Every structure is written in C-alpha cells, then in structure tokens.
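Below is one structure; the comments refer to it alone.
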Amino acid sequence: MPTVAPIRDLCRHLGQEVAIRGWLYGKRSGGKIVFLLVRDGTGLCQCVVEAAQTDLFATAVALGQESSLELTGLARPDVRAPGGVELAASSLRILQNATDYPISRKAHGTDFLMEHRHLWLRSPRQAAILRVRHTLIRAARDFFDANGFTLVDTPILSPGAAEGAGTLFPVDFFGAPVYLAQTGQLYLEAAAMALGRVYCFGPTFRAEKSKTRRHLAEFWMIEPEIAFAELPELMDWAEGLVCAMVRAALTERREEFTLLGRNIAALEKIAPPFPRLTYAQAVDLLRDPQLHRQLEQELEADRVRLKECIAELAGLEEQHTRARQGWQQDKLAQQVADLREQIRDLEAQVAQRPVHIEHARNFVWGEDLGGDDETLLSRQFERPVLITEYPRKIKAFYMKPAPGNPDVVLNLDMLAPEGYGEIIGGSQREDDLDALQKRMADEGMHPAPYEWYLDLRRYGTVPHGGFGLGLERTVAWICGLKHIRETIAFPRLMGRIYP
RNA sequence: UCCGGCGUAGCUCAAUGGUAGAGCGGGUGACUGUUAAUCACUAGGUUACAGGUUCGAGCCCUGUCGCCGGAGCCA
C-alpha cells in the first residue's frame, strides 16, 4: 500500500509510488491520453493516464468535475506539468463520480456564485483567501499571546445596547427580549480589571441595513482591552497588531497573494510608525486648498483613464465580435465585462469626486467623518492612518473626554490605505464614576442595567482602554479584495441567508 | 428607509418595436503531452411575474418580486 501524500509534498516523493486523495478539478484529453487535474486542498496535481491502460483510461475519461477519488501512481518531474511534478497514474479508486458540477472554470456572476457559496469555496481564489484569513487570525492570537494577553470569551446574548438598539438583532430569551452582541467591550473592561491585558475574538452582529461592499450583518471582531493603558499606548498596540498581522501574511502567504493578484509592494510598506492625526488636524487637512487642488488633478487623471478605458472597451468589443475560437470569445467577453465594471466604477468616482471635494471644502468641526472623507484622508498615506480625539457628541458614552478639552474624547480610529476605510475603532474609557454617571444621565440612559459596569469604577478604577479590529475588512484590505463577502466562508449579508 | 442599475438557454452575454442568437458547459464523434486543449455535429427558451400601448413587445408604459452597490450607520 503506497503512502498517501499531500499534493504540496509530492516533490519529496519523486521516483516513488504514492497515492493522492482529492477532487477532480479539471480534465483534458487527447485521443490516447487524458490529464486529470486533481486538487486536495494543499495543491494541484496533473495526473496522466494513457490509452494503453485500457480500463483505467476508460474510467478516467468518464470522470466528471469534482469527482472524489484516490489516485496512485509514480511521482515524476515534468516541466509541462503545473507545479513541475506529475503523477503517472497506475490505479484509480473512485469514491464518487460527480456529474453536472455547477461551477465551471469560466466566468460566473456574483449572484450565481453566492447562491453556490458552499461550492465556490473550492475554487483556488476562495481557498486562498480563507488561508490568508487563517494566517491573520493566528498572527493576531500569537501577537496577544506573546504580549501577555489572556483570551476572555464574552457573551453573545446581551441584555441591552451599548450603542443604539436599532442596530441590534432581537432574540427571544425565555420570553425576555435580548439582543445579539455587537461588541464584547463592556464585559472585557471587567475582565481587564481581573487580568490586566485581555482580548476577545468572536462573531458580532449588526442589524444595520447596509448593502455595501464593506458591510456584513455578522462579522468577526478582535477586541483587546488593557488596564492602565492611555490613548498613546492604545495607538501603539493597534499599530503593533496590524503590523504583526501583515508581516505574518507576507511571510506565509506569498503564493496566495500572487494568486490573488495582490500588490505585495504596497503591503511591504506597512511598518511603524503609522501617521497619526487628531480629528481637528484631519478637518484642517480636508479643508486644505492644497488637498482640493490635488484631488482636482486626480479627477482629471481619472477622466483621462476613463476615456482610455472606453477606447479600450471599443477595441475589445470589436475583437470579441471577430473572435473565431470559442475560448478566445469567452475570454474576451470576460475582459469586456471586467472593463465595463471598471468604467462604471470610474464613472461613479468621476461623478462623486466634485461632491466629495465640495463636502471636504465645507467640512464643519463637529460632523462625523463620512465614508468619503475617510477615503480622501486614507488616500493621502501609504500606511494605515490613526485619527484620534473626535467630538464627544458623536461618540459613545463610555469614551473619556480629553483632559483640558472636554469637547473631544480620547478615541482612536484606524483607516486602512487604498480606500478600504475604517478597520479599527476604540478609545480610552471613562474611568471616573461621577463623570460616567453624568454622561449616562445626559444620554438619557437608565443606570440600573449598568450597575455592574459602574462597579468597575467604584472598586479600584484605573485608566484603561481598548479597541475592536474588524477582521473581514482587514482581510479585504490585505488581500486587495473588492468585496467583503469573499473574506468569510459563509457571509451573512442583508437579504441573504442561503447557504 | 432613500437613490441608482440589472433580470433573455445550466453559466456568461448579444439581439433599431419586425423569424430569440453566440460562446462556454452537457451529449455524440475525431485526435498520443494537454495547460480554461482543439475540431465537427447535437440537444437546450413561458425573455422574472402580472397588466397595458401597438398590426406586432425581450425592447415602450404601469405595478409586483428578486438581485446588485451607493447613501445614511458602522468594523
């Protein structure tokens, strides 16, 4: 019985008889030869069967895409094989001959792929994203582990809202109305008073009716909470965490980035120190005429690019109608579709940009930074940018006002570069009992459900704070994805719960 | 919730208001080293649904449903 080898390790078995177990990814055949492309989750292997192997050949030719099988043969180097190693098959055990697999190795629309998400995961691109995600999670856990953090799991069912209740999913809890948690933060604060440095990592739920490429109804958040930490230290932790995650992905997931077409050079620039701005500085930047001039130039550049794209599209469409061979036609059709999407995006940008510029020009202190403002700001830097000290009025009750300027709070947001938006939000917490009670009263909050939270300020209160990192947005940014739905195996989006 | 776009074969898309088409995938056959193989033949349709305008509607109008991404909100 030959040993079963993962395809990734086949190069260590050259000249040996080995078995591989997997699924038929693709098949090509000549008259007297058939190539089976087998995937097993570790890699892709070309297996060769020749017509002289009568029975084996007949079986191999009849296999459908995604058939499950165990193939035994001689591992040998061959420059013509993808990966440089192929298997000269000697025996084949079919677990199931699958027929009519719905996802072909051709272009598909997003709706169709989302409807078949359970199968879409098998495609190389989706599997690569899941591997990057895995590495990022592991890197984050290693980072906390190496820095003396304790993992504390916080409850998913929560009695009320830390922020607006309109954004929470209601659940019936033995007849009582409770909600799916949108953060573990308040509980983490309690844990931090017990353990010093803690973090939680789990699913979190937002009932916001957001249908955009940046939003999920259910997403995973990594939240550290640190006793005795004040705002500058929190920024260091946020910066350190993100750098550790990027670094791990760069060392372990080169192949995946190549497959995804990710610009690795942009990722290699992610190193400390990240630019740090206060909200007030960000507002000044938004209102800076120099920024507006730069944006106008970018707008011009986009207009030029748009024209180029439209010209290119005309050429491609011409080629498409003239294409003789089927696969060329298909490929060109795909290119045309991609280009059209690019043109749509560009047109939207060109149309929106003057509005953004006007909005930025007229930005008034006290407004929240909108998605467009964030995009403008993050585009100014090649690294993630930290923005701190937002107006108190637009932020949550638990955030501590800045000493000497009670109009702003000691919060931090991190914006990812390349227009990916906010990946981290956090703050130093209000640790003074009286101040917290007053703020809660101002917000019209009932203190009773929060007595336990107030206790943390009654018994040995210390300065502390933390933040939440949105895993999926981070994965999207690091993988260079257009849409957050590809960053999680089974995305929960507004209006979609299947599969 | 609001704004915009889309809905044609299993998939990706064509089709001035005038006979619903192509490529891929499926099926059959040919081909001994393919790289999304290629070539020939072939089956495949209530044009999302319901009304309306018209001699005639996939196309125009109204409504419904579904999907997409943007705003608000947020990670």
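Proteins come first, then strands; the chains are lettered A, B, ... in the order of their sequence lines, and each starts at number 1. All values reported here derive from a predicted model rather than from experimental measurement.
For the C1' atom pair drawn from rU64(B) and rG56(B), the interatomic distance equals 26 Å after rounding to whole Å. Only the C1' atoms considered, rA22(B) is 31 Å distant from rC55(B), to the nearest whole Å. Separation of the C1' atoms belonging to rU19(B) and rA57(B) is 14 Å when rounded to the nearest angstrom. Distance check on atom C1': rG58(B) versus rU8(B) gives 6 Å, rounded to whole Å. rA48(B) and rG7(B) are spaced 8 Å apart, taking the P atom of each and rounding to whole Å.
Between the base of rG72(B) and the side chain of Arg206(A) there is no donor-acceptor pair shorter than 3.5 Å. You won't find any donor-acceptor pair under 3.5 Å spanning the side chain of Arg105(A) and the base of rC11(B), going by distance alone. At a cut-off of 3.5 angstrom, counting only N and O atoms as typed in the model, there is a donor on one side and an acceptor on the other between the side-chain of Glu86(A) and the base of rG33(B).
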Fill in the dot-bracket string of RNA chain B, one character per base: . for unpaired, | for a pair to another strand, ( ) or [ ] for pairs within the strand, taking Watson-Crick or G-U pairs under 3.5 Å.
(((((((..((((....[..)))).(((((.......))))).....(((((..]....))))))))))))....
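Contact check of residues 423-430 of chain A against RNA chain B (heavy atom, cut-off under 4.0 Å) returns Ile423(A), Ile424(A), Gly425(A). Taken residue by residue, residues 111-121 of chain A places heavy atoms nearer than 4.0 Å to RNA chain B at Asp111(A), Phe112(A).
Among residues two or more places apart in sequence or in another chain, the side-chain contact (heavy atoms from CB on, under 4.5 Å) test is passed with Leu157(A) by Val171(A), Phe173(A), Val178(A), Leu180(A). For Glu218(A), there are no side-chain hydrogen bond (donor to acceptor under 3.5 Å, both in side chains) partners at least two apart in sequence or on another chain. Glu256(A) is linked by a side-chain contact (heavy atoms from CB on, under 4.5 Å) to Ala128(A), Arg131(A), Val132(A), Arg253(A), counting only residues two or more places apart in sequence or in another chain. Listed by chain and residue number, Phe143(A) satisfy the side-chain contact (heavy atoms from CB on, under 4.5 Å) test with Ala244(A) (two or more places apart in sequence, or in another chain). Annotation: side-chain hydrogen bond (donor to acceptor under 3.5 Å, both in side chains) contacts of Thr110(A) (sequence neighbours excluded): none.
Here Arg276(A) pairs with Asp236(A) in a salt bridge; the nearest charged N to carboxylate O distance falls below 4.0 Å. With respect to the salt-bridge test (charged N to carboxylate O, under 4.0 angstrom), the residues Glu66(A) and Arg122(A) qualify.
Rounded to an integer number of Å, the gap from CD of Glu472(A) to C1' of rC74(B) is 14 Å. Note: CD1 (Ile387(A)) to P (rA75(B)) measures 14 Å, nearest angstrom. Atom CD in Glu208(A) sits roughly 9 Å away from atom C1' in rA75(B) (whole-Å rounding). When the P atom of rA75(B) is taken as reference, atom NZ of Lys395(A) falls 7 Å away, rounded to whole Å. To the nearest angstrom, P of rG69(B) lies 12 Å from CD1 of Ile484(A).
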Could you go over nucleotides 26-31 of chain B and give all protein N or O partners under 3.5 Å, atom names and distances?
| residue | atom | partner | partner atom | Å |
| --- | --- | --- | --- | --- |
| rC31(B) | N3 | Gly31(A) | N | 3.4 |

Would you tabulate the nitrogen or oxygen pairs shorter than 3.5 Å linking the protein to nucleotides 1-4 of chain B?
| residue | atom | partner | partner atom | Å |
| --- | --- | --- | --- | --- |
| rU1(B) | O4 | Lys209(A) | O | 3.3 |

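Across all strands, Asp413(A) comes closer than 4.0 Å to no nucleic acid atom at all (heavy-atom distances). Contacts of Arg213(A) with the nucleic acid, taken as non-hydrogen atoms under 4.0 Å apart, involve only primed sugar atoms and P, OP1 or OP2. Counting any heavy atom pair closer than 4.0 Å across all strands shown, His215(A) reaches a base atom. Residue Arg496(A) is classed as a sugar-phosphate contact, given heavy-atom separations below 4.0 Å to backbone atoms only.
Residues Gln126(A) and Arg117(A) bring a donor and an acceptor atom of their side chains to less than 3.5 Å of each other. Side-chain N/O atoms of Gln185(A) and Tyr398(A) include a donor and acceptor closer than 3.5 Å.
Summarising the geometry of Pro491(A) relative to Met114(A), their closest heavy-atom pair is CG-CE, 3.5 Å, with the distance given to 0.1 Å.
Pairs engaging residues 365-375 of chain A under the salt bridge (Lys or Arg N to Asp or Glu O under 4.0 Å) rule: none recorded [sequence neighbours left out].
Shown here is Glu255(A), whose CD atom has no more than 12 heavy atoms of other residues, nucleotides or ligands within 6.0 Å.
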Show me the donor-acceptor pairs within less than 3.5 Å that the side chains of residues 22-37 of chain A make with the rest of the protein, sequence neighbours left out.
| residue | atom | partner | partner atom | Å |
| --- | --- | --- | --- | --- |
| Lys27(A) | NZ | Val61(A) | O | 2.6 |
| Lys27(A) | NZ | Leu63(A) | O | 2.9 |
| Arg28(A) | NH2 | Gln46(A) | OE1 | 3.3 |

